[in-house]
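Numbering starts at 1 and runs along the sequence shown. Keep in mind the model is a prediction, meaning the values are calculated, not measured. Only this structure's heavy atoms are used, side chains among them; waters, hydrogens and symmetry mates stay out.
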Amino acid sequence: MTSGIIGILIVVIHVLGVLSALMALMSSRTSQGAVAWIVTLLTFPYLAVPIYWIFGRPRFYGYTSARSERDSVLRQVLLRFRPRLEPYFSRPSHDVARIQAVERLAMMPMSTGNRAELLIDGEATFKSLLAGIDSAREYILVQFFIFRADEIGTLFKQHLIQQAERGVRVCLLYDEIGSRSLSGDYLRELSEAGVEVTAFNSSRGWRHRFQINFRNHRKILVVDGREGWTGGFNVADEYLGRVPRYGPWRDTHLKLTGPSVMGLQEAFWEDWYWATGNILSLEWEPSVTCNECQHVVIVPSGPADRCETASLLIQHVIHGAHERLWVTSPYFVPDQGVQDALKLAALRGVDVRVMIPERPDHLLVFLSAFSFLPEMIRHGVRIFRYQPGFLHQKAVLVDDHTALLGSVNLDNRSFRLNFEITAYIPDAAFAHDVETMLLHDFESCREVTLQELDDRPAWRKLVSRAAYLLAPIQ
């Protein structure tokens with residue numbers, strides 16, 4: 001009797017493995033991802049089937065339908081407020097075709113009348129964020145991947161509560177996996193003070209019960225529709241260098257004023273609608289106060305998109321580089337398309353530099369990079385490892401005219417699994433500020449040589465290669 005039940009279970013598991021492999025074949029976004037899942041599902045179905053249904057689902061179906069319904073309430077509201085922005089829609093006259101592609105990826109037009117301010121490291125960033133919160137008169141929209149109930153998290157909470165008690169509407173959206181350590185007391189204190197708090201909750205509904213792979217990695221703060229912030233920072237003490245394990249934390253954030261804030265606000269607005277089913281009533285009249293106006297387009301990306309927005313955006317800017325392409329990313333495991341684009345840029349004489357951490361944060365991702373770095377160096381791509389502490393900033397500098405800052409890492413998770421956001425800024429003055437910042441960072445790096453990678457022990461090369469094979473499903 002027992003052996004019969006076991007036999008039936010074995011058959012069922014193998015059938016589920018085959019069915020799941022067929023699903024992976026038909027729906028995986030890359031051939032590498034499909035092959036990785038098919039091999040593991042057919043070879044190790046007992047372990048791979050539950051992992052696939054937790055991590056391997058290819059698209060975030062609920063959010064997709066919420067965004068794509070043309071007659072949805074969201075679209076009706078968008079049609080009402082978008083005309084208010086039309087006077088500020090503008091592209092630099094010298095590069096219309098390149099920017100048009102970015103606008104189509106973003107599904108948002110580029111605007112002028114903006115001011116972009118670099119915020120370098122934690123002290124400057126949190127000073128600006130908290131000052132923005134304190135200046136709110138009508139509403140505050142807050143969204144981070146990670147919230148912790150530590151020193152900076154408690155200070156952040158106190159400022160939000162003070163504003164809620166003054167009558168300012170405060171909406172806080174957090175990722176339930178990234179903020180899994182956040183205590184119920186922390187959330188309850190916010191709610192009791194009048195802050196509207198919700199998790200992004202990608203596992204909402206029975207169909208998505210095991211769908212924990214799609215994370216909301218965006219970092220957004222919007223105050224009254226007139227000021228906005230985005231970049232690499234979360235709300236936790238390590239981002240201020242207070243956790244010895246990481247050492248000094250190197251990160252960059254961005255403050256925006258002007259019509260581009262509407263792009264940050266729209267991304268939050270859609271995420272809030274998914275999480276709560278409620279449509280926020282917000283200010284959609286852009287605030288323009290700058291003297292030296294910059295062009296900006298906000299590019300949201302994620303698994304609900306019709307195309308691989310983040311990956312295509314990165315490839316687009318790489319192919320558009322003529323003299324210089326500098327990239328910083330804490331998690332550098334790009335797909336083959338991005339790797340090839342970087343190699344081609346170096347081969348045509350572009351100064352291609354990639355800055356990554358010296359200290360690992362996620363070991364598997366860190367090890368993966370060393371399987372393909374030798375080939376990139378042979379093609380002329382220069383790799384630098386940041387020494388003083390953990391490098392977490394996500395920045396791209398193209399020639400002397402364009403910079404990108406946001407939440408996107410150059411890895412499969414950011415390209416295909418996470419909801420991300422990027423500010424694309426084709427402005428020479430801003431690009432100069434980013435150049436100055438990165439030059440200072442490169443002074444704190446050591447360049448990786450081909451010799452040191454070739455001299456690694458065979459077992460380390462084997463481990464790196466094995467880790468890289470799992471990159472499409474990480």
Side-chain angles (χ1 to χ4, degrees), residues 63 122 125-204 214-237 239-240 253 255-256 261 263-283 300 302 407 418-421:
Y63 196 104
T125 296
F126 285 106
K127 181 179 179 181
S128 181
L129 291 171
L130 294 173
I133 290 170
D134 292 344
S135 73
R137 297 187 297 268
E138 297 180 16
Y139 61 84
I140 302 168
L141 312 177
V142 188
Q143 178 178 4
F144 287 94
F145 177 61
I146 296 173
F147 272 95
R148 299 201 202 283
D150 51 20
E151 185 177 345
I152 188 61
T154 299
L155 183 62
F156 215 87
K157 176 187 66 176
Q158 290 169 350
H159 281 255
L160 293 178
I161 288 175
Q162 288 171 3
Q163 289 299 79
E165 290 175 343
R166 288 182 52 244
V168 175
R169 186 176 189 183
V170 182
C171 298
L172 189 153
L173 182 62
Y174 65 93
D175 186 90
E176 72 271 29
I177 301 299
S179 302
R180 60 189 176 274
S181 63
L182 199 56
S183 68
D185 290 340
Y186 185 99
L187 298 173
R188 188 162 43 253
E189 189 174 347
L190 285 164
S191 296
E192 290 175 352
V195 177
E196 299 173 53
V197 183
T198 187
F200 183 68
N201 200 15
S202 64
S203 58
R204 176 161 59 91
F214 302 113
R215 307 274 36 96
N216 199 313
H217 193 243
R218 294 169 180 165
K219 292 91 171 156
I220 296 173
L221 176 67
V222 173
V223 173
D224 296 338
R226 56 184 170 79
E227 294 181 319
W229 292 258
T230 192
F233 276 88
N234 289 296
V235 182
D237 279 349
Y239 291 81
L240 283 159
H253 224 63
K255 179 183 178 182
L256 292 170
V261 176
L264 296 177
Q265 181 164 283
E266 184 179 324
F268 180 95
W269 183 64
E270 288 191 339
D271 288 346
W272 186 265
Y273 179 74
W274 161 258
T276 67
N278 298 323
I279 295 178
L280 291 171
S281 178
L282 303 173
E283 174 58 59
S407 65
N418 284 348
F419 291 87
E420 307 279 7
I421 197 157

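The side-chain heavy atoms of F126 and L240, taken from C-beta on, include a pair separated by under 4.5 Å.
Under the side-chain contact (heavy atoms from CB on, under 4.5 Å) test applied with V261, the options L256, D224, T230 reduce to a single match, L256.
Qualifying side-chain contact (heavy atoms from CB on, under 4.5 Å) partners for S135, counting only residues two or more places apart in sequence or in other chains: V223, R226, E227. In terms of the side-chain contact (heavy atoms from CB on, under 4.5 Å) criterion, residue partners of L187 (sequence neighbours excluded) are, by chain and number, Y174, L182, V197. Applying the salt bridge (Lys or Arg N to Asp or Glu O under 4.0 Å) test to D237 and every residue at least two apart in sequence or in another chain returns R242. Legend: residues meeting side chain to side chain donor-acceptor pair (under 3.5 Å) with Q265, ordered by chain and number and at least two apart, are Y139. Among residues two or more places apart in sequence or in another chain, the side-chain contact (heavy atoms from CB on, under 4.5 Å) test is passed with T198 by L173, W272, A275, T276. For the side chain to side chain donor-acceptor pair (under 3.5 Å) test, residues two or more places apart in sequence or in another chain that qualify with S407 are E420. Under the rule for a side chain to side chain donor-acceptor pair (under 3.5 Å), the partners of Y239 that lie at least two apart in sequence or sit in another chain are N234. Taking R188 as the reference, D185 meet the salt bridge (Lys or Arg N to Asp or Glu O under 4.0 Å) condition, with sequence neighbours excluded. Residues meeting the side-chain contact (heavy atoms from CB on, under 4.5 Å) test with Q158, sequence neighbours left out: T154, L155. The side chain to side chain donor-acceptor pair (under 3.5 Å) test applied to D134 returns H159, not counting sequence neighbours.
Ring geometry for Y186 against F147 counts as tilted: the plane angle lies between 30° and 60°, on a 0 to 90° scale.
Identified under the salt bridge (charged side-chain N to carboxylate O under 4.0 Å, His left out) test for residues 272-283, with sequence neighbours left out: none. Residue pairs that meet the salt bridge (charged side-chain N to carboxylate O under 4.0 Å, His left out) test with at least one member in residues 159-169, sequence neighbours left out, are R169-E196.
Checking side-chain atoms of S179 against main-chain N and O of F145 turns up a donor-acceptor pair under 3.5 Å.
One finds the CZ atom of F233 at 4.0 Å from the OG1 atom of T125 (value rounded to the nearest 0.5 Å). Between the CG atom in L172 and the CG atom in L160 there is a gap of 6.0 Å [rounded to 0.5 Å]. Rounding to the nearest 0.5 Å gives a distance of 9.5 Å between CG of N278 and SG of C171. Between the CG atom of L129 and the CH2 atom of W229 there is a distance of 6.5 Å, given to the nearest 0.5 Å. Taking CD1 of I146 as the reference point, atom NZ of K219 lies at 7.0 Å (rounded to 0.5 Å).
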Give the intermediate values and the outcome of side-chain contact (heavy atoms from CB on, under 4.5 Å) for residues F144 and V142. CA-CA 7 Å; F144 287 94; V142 188; 3.7 Å; yes

